[in-house]
K.L.:
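Before I ask anything, let me first share the structure, which is written out below as structure tokens.
Basis for what follows: all heavy atoms, side chains included, without hydrogens, waters or symmetry-related copies. The structure displayed is predicted, hence computed values, not measured ones. In the text below, chain A, chain B and the rest are named by the order of the sequence lines, each starting its count at 1.
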Protein chains: 2
Amino acid sequence: MEDMSHKSARLDLDELESVFAAMELTNPESAKGRLLTMAAHLFKVRGFDRTTVRDLASAVGIQSGSIFHHFKNKDEILEAVMRDAIVYNTRLMIEGVKASTTLKEQLLGLIRCELESINGVTGEAMNVLVFEWRNLPEEKQRGILELRQYYEDLWLSALESAVEQGMVQGDPFVIRRLLAGSLSWSSTWYRIDGSLSLEHLAEQALLLILH
Amino acid sequence: MEDMSHKSARLDLDELESVFAAMELTNPESAKGRLLTMAAHLFKVRGFDRTTVRDLASAVGIQSGSIFHHFKNKDEILEAVMRDAIVYNTRLMIEGVKASTTLKEQLLGLIRCELESINGVTGEAMNVLVFEWRNLPEEKQRGILELRQYYEDLWLSALESAVEQGMVQGDPFVIRRLLAGSLSWSSTWYRIDGSLSLEHLAEQALLLILH
DNA sequence: GTCTATAGAAGGATAGAC
DNA sequence: GTCTATCCTTCTATAGAC
């Protein structure tokens, strides 16, 4: 039986599913979906502050005033990009963990998943989540952090087991933070169409924590 | 004898020294030094775009127009913070490498030095270098990259030796990038006044690459 | 080296028509 | 759901006095 004492601060799977159902980021059918995809792109390439609502509007072929039919203000666009990015990738991560049998496989799966999230199709949105964090107003940060906790817990429990079994040395929290840095940072130098495959990179990253 | 064919793209020690002599960041005696220290602080806390010249001016107790007596424009302030940060820390790193006798000691020294640079007294300026990079106009980026190459070369040659000796497994370039991510990212979660000492963190980071 | 005053441009957001 | 028109604020940068 799970400990429910933290329920208000955590997210259960049902909540995650309902947020997932409302995700628009990857939906090119809706105007809002196209806006979010383009916003992720522009926020990643130019940064949030240097992307104007006029830029975003003209990139999707509408006028700047029309943006505010879909979002109350510019901050809400940022929030939506981040929320959708994290929900989408948390779901992939849960599936990856379920699919793995050994602990080593699970760790590699988590690494692969995180590398995929930051360098693959949702890479721009994930980059925004990681590198534009400071631009999200504090009250909105809290909501996203709650979502993030779900997949950080996946990581921590995997690392705790690995330390218990002697596969990994050190404090799980510190290892997770060091590894999170390595993986997030990969988007600044890794090229998905280069000679290094994402799978090889994942294996090299796994080597960092295994002993 | 060193290969001089890349001279134009590299930096020699004399040049480094002359740039170092012109460094103002850590000089509280000059108005420019105070401006740079405060700029590093504000750029780190709020980000470059969200820091106005008015903010900066009032933080050092002058009027916004007076800023432009010291710097031609706002971008030049950012450039100066970055240049001084990198020159200051490259020098520390060179000294650290010189002082170490074994290769393992050298690697630990490089890690310690990088952690110190991003979490210690020059931490705010180094954070600006790492996380506000995109805000520096491209032509200015080139000059800073040239400076940065000096200490990246220190890293690469140490890692190449370590791989040759079997201390470290994998491609030195990839290992360096993964490690650089870990170390830079530490400024987002590590607290220098917390229970984890910088020395312990350095040792944990060394564990990442050693096999 | 700092001040005052202000030019000039750009950005977020709103209102109301269609 | 999008357009037009525009308000209002904020920001960088300049000019010239002290």
Side-chain angles (χ1 to χ4, degrees), chain A residues 22-25 27-82 84 128 132 134-141, chain B residues 22-25 27-82 128 132 134-140:
Chain A
M23 203 193 66
E24 298 265 17
L25 179 65
N27 177 15
E29 305 295 308
S30 74
K32 202 162 177 170
R34 287 190 297 275
L35 270 173
L36 285 177
T37 308
M38 187 56 75
H41 174 68
L42 293 175
F43 293 170
K44 143 91 186 179
V45 175
R46 305 185 195 174
F48 176 72
D49 284 318
R50 292 164 115 89
T51 303
T52 69
V53 293
R54 287 175 173 82
D55 291 337
L56 177 55
S58 86
V60 298
I62 60 177
Q63 296 299 312
S64 68
S66 307
I67 299 268
F68 297 95
H69 172 75
H70 300 282
F71 299 97
K72 213 168 76 238
N73 55 49
K74 196 185 167 193
D75 288 339
E76 294 219 331
I77 308 178
L78 181 60
E79 185 186 25
V81 169
M82 290 183 172
D84 284 5
V128 171
E132 301 295 329
R134 199 182 31 202
N135 292 319
L136 192 68
E138 262 190 59
E139 77 275 10
K140 293 189 196 299
Q141 286 187 4
Chain B
M23 203 193 68
E24 298 267 16
L25 180 64
N27 177 15
E29 305 295 307
S30 75
K32 203 163 177 170
R34 285 188 299 275
L35 270 173
L36 285 178
T37 307
M38 187 57 75
H41 174 67
L42 294 174
F43 292 171
K44 142 91 185 178
V45 175
R46 306 185 194 173
F48 176 73
D49 284 317
R50 291 163 116 89
T51 303
T52 69
V53 292
R54 287 187 237 276
D55 291 337
L56 177 55
S58 86
V60 299
I62 59 177
Q63 297 298 312
S64 68
S66 308
I67 298 271
F68 297 95
H69 172 75
H70 301 280
F71 300 96
K72 214 167 77 237
N73 54 48
K74 197 184 165 192
D75 288 340
E76 294 219 330
I77 307 177
L78 181 60
E79 185 186 26
V81 169
M82 290 182 172
V128 171
E132 302 294 330
R134 198 181 31 201
N135 292 318
L136 192 69
E138 261 189 60
E139 79 275 9
K140 294 190 196 297

K.L.:
Within 45 degrees of the axis of the six-membered ring of A/Phe48 and under 6.0 Å from its centre: does A/Lys74 put its NZ or CZ there?
P.N.:
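Cation-pi check for A/Lys74 and A/Phe48: passes.
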
K.L.:
N/O contacts under 3.5 Å, protein versus nucleotides 14-18 of chain C?
P.N.:
none

K.L.:
Taking only residues two or more places apart in sequence or in another chain, which ones pass side chain to side chain donor-acceptor pair (under 3.5 Å) with A/Ser58?
P.N.:
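If we apply the side chain to side chain donor-acceptor pair (under 3.5 Å) test to A/Ser58, skipping adjacent residues, there are no hits.
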
K.L.:
Testing B/Leu42, B/Leu56, B/Leu35 one by one against B/Ile77 for a side-chain contact (heavy atoms from CB on, under 4.5 Å), which residue passes?
P.N.:
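Per the side-chain contact (heavy atoms from CB on, under 4.5 Å) rule, the option paired with B/Ile77 is B/Leu56, out of B/Leu42, B/Leu56, B/Leu35.
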
K.L.:
Can we say A/Arg50 and B/Asp49 salt-bridge, meaning some charged N sits less than 4.0 Å from an Asp/Glu carboxylate O?
P.N.:
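Yes, this pair counts.
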
K.L.:
CD of A/Glu139: more than 12 outside heavy atoms within 6.0 angstrom?
P.N.:
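For A/Glu139, atom CD is crowded (more than 12 foreign heavy atoms under 6.0 Å).
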
K.L.:
Is A/Arg134 salt-bridged to B/Glu132, cutoff N-O under 4.0 Å?
P.N.:
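So A/Arg134 pairs with B/Glu132 through a salt bridge.
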
K.L.:
For C/dT4, does either OP1 or OP2 sit under 4.0 Å from a side-chain N or O belonging to B/Gln63?
P.N.:
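For B/Gln63, the contact criterion (side-chain N or O under 4.0 Å from OP1 or OP2 of C/dT4) is met.
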
K.L.:
Does B/Glu79 pair with B/Lys140 as a salt bridge, N-O distance under 4.0 Å?
P.N.:
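Salt bridge flag = yes for B/Lys140 with B/Glu79.
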
K.L.:
Can you pull out the residues from residues 34-60 of chain A that lie within a 4.0 Å heavy-atom distance of DNA chain D?
P.N.:
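Contacting residues: none.
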
K.L.:
Rounded to whole Å, please give me the gap between CG in B/Leu78 and P in D/dT12.
P.N.:
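To the nearest whole Å, that distance equals 13 Å.
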
K.L.:
Answer with yes or no whether the side chains of B/Asn27 and B/Arg34 bring together a donor and an acceptor at under 3.5 Å.
P.N.:
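Checked: B/Arg34/B/Asn27 side chains show no N/O donor-acceptor pair below 3.5 Å.
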
K.L.:
As a test of reading the structure: which of D/dT2, C/dT2, D/dA13 is closest to the side chain of A/His69, going by heavy atoms?
P.N.:
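Closest nucleotide to the A/His69 side chain: D/dT2.
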
K.L.:
Please report, rounded to the nearest Å, how far the P atom of D/dT9 is from the CG atom of A/Asn73.
P.N.:
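Between P of D/dT9 and CG of A/Asn73: 18 Å.
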
K.L.:
Nearest whole Å is fine: how far is D/dC3 C1' from A/Ile62 CD1?
P.N.:
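So the two atoms are 10 Å apart, to the nearest Å.
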
K.L.:
Please give, in whole Å, the distance from D/dT14 P to B/Ile67 CD1?
P.N.:
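About 14 Å, once rounded to whole Å.
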
K.L.:
How many whole angstroms separate atom CG of B/Asp75 from atom P of D/dC11?
P.N.:
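Result: 16 Å.
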
